[in-house]
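Whatever order the structure lists ligands and atoms in, that order sets their numbers, starting from 1.
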Amino acid sequence: MGNKGAIGLIDSGVGGLTVLKEALRQLPNEALVYLGDTARCPYGPRPAEQVVQFTMEMADFLMKQQIKLLVIACNTATAVALDIIREKLPIPVVGVILPGSRAAVKTTKTRRIGVIGTQGTIKSHSYRQAILSKTADTEIFGLACPKFVPLVESNETRSPIAKKVVAETLQPMRRNKVDTLILGCTHYPLLRPLIQSYMGDKVTLIDSGAETVGEVSVLLDYFNIANPDPTAKGKCRFYTTGSTKLFDDIAKEWLGFSLHSEHIELGIGG
Ligand code: I24
Ligand code: DGL
């Protein structure tokens with residue numbers, strides 16, 4: 001495998017394409033292979049044990065595709081499955097929570113950090129633990145935003161309805177007077193303009209996915225597995241457990257180029 005393998009990315013669906021887009025930008029020499037479990041998306045409201053099981057199935061599938069490093073692009077999956085998967089795999093495994101936490105600790109001046117994510121992510125307290133492992137004297141305010149993923153998936157990212165839902169949901173967060181807010185979910189970068197405008201200019205938003213790709217770049221050099229050969233450029237493969245047509249349409253619109261994903265089955269018999 002060495003430095004020739006691809007970087008694997010796994011996600012509960014298409015949201016992880018926000019992380020993949022960042023990887024295309026920051027790591028143009030690397031081949032990427034993406035697996036989205038669209039058939040079983042969303043993971044956010046599911047019990048932790050189920051998310052662990054599904055995430056392990058995805059990791060096992062990508063391990064058969066010659067990957068040299070695995071990124072768990074999904075916050076909910078990272079929150080409950082990162083440690084377990086890292087223990088099982090012989091390659092470096094990167095989640096989205098530590099990079100986002102590190103960036104927030106670096107950014108905050110008032111030591112008041114907010115975290116928004118799915119129910120699963122907030123309930124796990126993984127961001128809280130990650131931040132407190134770096135700095136004890138910081139107040140952390142978690143808020144689950146269960147309406148945000150359905151909002152994005154119904155194509156509402158800039159509409160008056162979206163604006164209203166964002167304002168109503170983030171009202172308790174604004175009262176916490178945080179100076180740094182972690183977007184702890186793959187979908188939230190799409191709501192970034194609305195979130196920024198509701199929280200105000202003084203609040204710095206942290207995109208966990210983008211921070212993660214920055215750390216992957218460092219890790220590739222640390223483990224000496226970066227691909228020095230630019231012919232891998234733009235080499236991307238996509239797998240989905242759901243409809244390839246629906247996946248391809250969303251990915252094309254988001255990434256700006258046409259692609260053809262492959263359908264796979266996970267779980268019993270998969
Ligand atoms: N955005 C997301 N998921 C969807 C969607 C969307 N439908 C419209 N848009 N559907 O996630 C999820 C359920 N599908 C997935 C495919 O298989 C069938 C079930 C956010 C995507 C982040 C890259 C709105 C939309 C779009 C294109 C780009 C961005 C976007 F159609 F927000
Ligand atoms: N990918 C998930 C996350 O980042 C959001 C969508 C879901 O709930 O599956 O938490």
(message) Any carboxylate oxygen within less than 4.0 angstrom of a Lys/Arg side-chain nitrogen, looking at Lys252 and Asp249?
(response) no

(request) State the atoms of ligand 1, each with its element, that fall below the 4.0 Å cut-off from a heavy-atom position in His187. (result) 11 (O), 20 (C)

(request) Would you indicate whether the side-chain heavy atoms of Leu191 and Tyr198 approach each other to under 4.5 Å? (result) no

(message) Quick check on contacts: which atoms of ligand 1 are under 4.0 angstrom from a heavy atom of Asn155?
(response) 24 (C), 25 (C)

(request) Write down the atom of Ile195, the atom of Phe148, and the distance for their closest heavy-atom approach. (result) CD1-CE2, 4.3 Å

(request) Identify, for atom 6 (C) of ligand 2, the protein heavy atom at the shortest distance, and state residue, atom and that distance. (result) Ser12 OG, 3.6 Å

(message) Please state which option from Gly13, Gly16, Gly44 has its nearest heavy atom closest to atom 8 (O) of ligand 2.
(response) Gly44

(message) Regarding Glu156 and Lys147, does a basic nitrogen lie under 4.0 Å from an acidic carboxylate oxygen?
(response) no

(message) Using a strict threshold of under 4.0 Å (side-chain N to carboxylate O), is an ion pair present between Glu30 and Lys4?
(response) no

(message) Just to check, does Cys185 reach to within less than 4.0 Å of ligand 2 when the distance is taken from its heavy atoms?
(response) yes

(request) Could you say whether the N/O atoms of Glu153 and ligand 1 ever approach to under 3.5 Å? (result) yes

(message) Just so I know, are the side chains of Glu139 and Ile113 near enough to count as touching, which here means a heavy-atom distance under 4.5 Å?
(response) no

(message) Could you identify the single nearest non-hydrogen protein atom to atom 6 (C) of ligand 1 and state the distance to 0.1 Å?
(response) Ile250 CD1, 3.5 Å

(request) Please answer whether the main-chain N or O of Ser261 pairs with a side-chain N or O of Asp248 as donor and acceptor at a distance below 3.5 Å. (result) yes

(request) Report, in ascending order of atom number, the atoms of ligand 2 lying under 4.0 Å from any heavy atom of Tyr43. (result) 7 (C), 8 (O), 9 (O)

(message) Please list, in number order, the atoms of ligand 2 under 4.0 Å from a heavy atom of Cys41.
(response) 9 (O)

(message) Using heavy-atom distances only, which candidate in Leu255, Leu191, Thr38 approaches atom 16 (C) of ligand 1 most closely?
(response) Thr38

(message) Checking a contact table here: which protein heavy atom is nearest atom 2 (C) of ligand 2, and how many Å away?
(response) Cys74 SG, 3.4 Å

(request) For atom 21 (C) of ligand 1, grab the closest protein heavy atom and report residue, atom and distance to one decimal in Å. (result) Val14 CG2, 4.0 Å

(request) Report the part of Val96 (side chain from C-beta onward, or backbone N, CA, C, O) that has a heavy atom under 4.0 Å from ligand 2; answer both or neither where that applies. (result) neither

(request) Compare every heavy atom of Leu27 with every heavy atom of Val213, then report the nearest pair and how far apart it is. (result) CG1-CD1, 4.0 Å

(request) Let me see the working for Tyr239 and Phe61 under ring-ring contact (aromatic ring centres under 6.0 Å, His included), right down to the final yes or no. (result) CA-CA 10 Å; Tyr239 296 96; Phe61 176 83; 5.0 Å; yes

(request) Just jot down the ligand 1 atoms closer than 4.0 angstrom to any heavy atom of Val152, in number order. (result) 1 (N), 5 (C), 9 (N), 20 (C), 24 (C), 32 (F)

(message) I'd like to check whether His187 has a polar contact with ligand 2, where a contact means an N/O of the residue lying under 3.5 Å from an N/O of the ligand.
(response) no

(request) Give yes if a backbone or side-chain nitrogen or oxygen of Thr18 is under 3.5 Å from a nitrogen or oxygen of ligand 1, and no if not. (result) no

(request) Quick one: look up the protein heavy atom nearest atom 10 (O) of ligand 2 and list residue, atom name and how far away it is. (result) Thr76 OG1, 2.6 Å

(message) A side-chain contact here means heavy atoms from C-beta on lying under 4.5 Å apart; do Leu82 and Ile97 qualify?
(response) no

(message) Can you name the atoms of ligand 2, numbered from 1 with element, that are less than 4.0 Å from a heavy atom of Thr118?
(response) 8 (O), 10 (O)

(message) Would Thr135 and Asp137 count as a side chain to side chain donor-acceptor pair (under 3.5 Å) here? Give the steps.
(response) CA-CA 6 Å; Thr135 164; Asp137 65 338; 2.8 Å; yes

(request) Could you check if a side-chain atom of Asp37 sits within less than 4.5 angstrom of a side-chain atom of Tyr43, using non-hydrogen atoms only? (result) yes

(message) For atom 28 (C) of ligand 1, what is the closest protein heavy atom, and at what distance to 0.1 Å?
(response) Trp254 CB, 3.8 Å

(message) Is the contact between Leu190 and ligand 1 made by the side chain, the backbone, both, or neither, using heavy atoms and a 4.0 Å cut-off?
(response) side chain

(request) Show which atoms of ligand 1 fall inside a sub-4.0 Å distance from at least one heavy-atom site of Leu246. (result) 16 (C), 17 (O), 18 (C)

(request) Would you mind reporting whether Phe247 and Leu259 have side-chain heavy atoms less than 4.5 Å apart? (result) yes

